[in-house]
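Keep in mind it's a predicted model, so treat the numbers as computed, not measured. Just so it is clear: chains get the letters A, B, ... in the order the sequence lines come, proteins before strands, and each one is counted from 1.
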2 protein chains.
Amino acid sequence: MTQNLRSMVERLKAVSHPLRLRVLALLGSGELCVCQVAEVLQVPQSSVSEALRELRRAGFVNERKEGRWVFVSVVSHPNTSQLLQGILAEAMALVEMQQDRERVADVKTLGIPAVCCKVEKAAKAEAAHV
Amino acid sequence: MTQNLRSMVERLKAVSHPLRLRVLALLGSGELCVCQVAEVLQVPQSSVSEALRELRRAGFVNERKEGRWVFVSVVSHPNTSQLLQGILAEAMALVEMQQDRERVADVKTLGIPAVCCKVEKAAKAEAAHV
DNA sequence: TAGATACATCGGAAATTATCGAAATATCAA
DNA sequence: TTGATATTTCGATAATTTCCGATGTATCTA
């Protein structure tokens, strides 16, 4: 709101990208840490990190550090512009996003250590195909 | 609505561009012909034409041919998605757009011939700096 | 018909963006 | 401290986008 043309275009560019829009829609269901996002979307961590950087620059997501982990979420609704609300609502309604949400549910029930910590993740994977 | 990720990204890309967003916001105030848009924004006709092509592909604007002129307008509101409404509302509120709207008022009162037809336009320009 | 003109498309060089492995940074745990 | 690890930043190529003059197309008028 009350911004200029350039900044509005930058904000729109931030979501004009498949991965970045997927990440935003994913966070629409609640806070996640970076490795959870990478796990759900099955993309390199560096790509997720860069996507989040752009979404942060656009003012769409917040970050919260907790030790080694960085938790990201959509900015709180009082400050949310009508623009973000419209984009988020429509993105979350996409068919592709429902699959992502299913994977989020799994990842959340497993918990962060099983998803993000290498050793526990490896152990879980091993147990999966005995 | 009820679209896929790819098409939503394409629609967002269509407005992630200064000229295209300006054109959309301009049409938010009402129908104009292509040459009026070019005159108001002071950009080459080919650029306006290309901008409108993208906005049309994205489903944001309609066209209506009348002889040599092509009139363009924002798609009618019943079919308008929440996404377009949010983008249009925010774009029309930008400071840059108020200046554009002032120029639109001038252009509309002059009428299409004085703005678009080369001979009348030249006569008007000549009269302006006698 | 011929000329004028509103608009669309084309060409193609310049600028921007995407992508992801590799290296850097920061935090934990032993 | 040393090693492990979650995340960010860097590098560098590939792909895409931007931009506008030149050309093409369709419609008007004389």
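To the nearest 0.5 Å, atoms CD (A/Glu54) and NE2 (A/His17) are separated by 9.0 Å. One finds the CG atom of A/Leu52 at 11.5 Å from the CG atom of A/Asn62 (value rounded to the nearest 0.5 Å).
Straight-line distance from the CG atom of A/Leu12 to the P atom of C/dT17: 14 Å, rounded to whole Å. The distance between atom CH2 of A/Trp69 and atom P of D/dT8, rounded to the nearest whole Å, is 14 Å. Distance CD1 (B/Ile112) to P (C/dT5): 16 Å, rounded to an integer number of Å. In this structure, B/His17 places its NE2 atom 8 Å from C1' of D/dT17, rounding to the nearest Å. What separates NZ of A/Lys13 from P of D/dT17 is a distance of 12 Å, to the nearest Å.
Residues B/Gln85 and A/Gln82 bring no donor and acceptor atom of their side chains to less than 3.5 Å of each other.
Follow the hydrophobic side-chain contacts under 4.5 Å out from B/Phe71 and you never reach B/Val37; the two are in separate clusters.
Here the rule is side-chain contact (heavy atoms from CB on, under 4.5 Å) with A/Leu27, and of A/Val72, A/Val104, A/Val75 only A/Val72 fits it.
For C/dA18, the OP1/OP2 oxygens have a side-chain nitrogen or oxygen of A/Arg20 closer than 4.0 Å.
Both A/Glu10 and B/Arg68 lie near DNA chain C, and the one whose nearest nucleotide falls closer to the 5' end is B/Arg68.
Other residues, nucleotides and ligands place no more than 12 heavy atoms under 6.0 Å from the CZ atom of A/Arg57.
For DNA chain C, the residues of residues 31-65 of chain A within the heavy-atom distance limit of 4.0 Å (strictly under) are A/Ser46, A/Ser47, A/Glu50, sorted by number.
In this structure, the nucleotide among D/dT7, D/dT17, D/dT18 sitting nearest to the side chain of A/Val70 is D/dT7.
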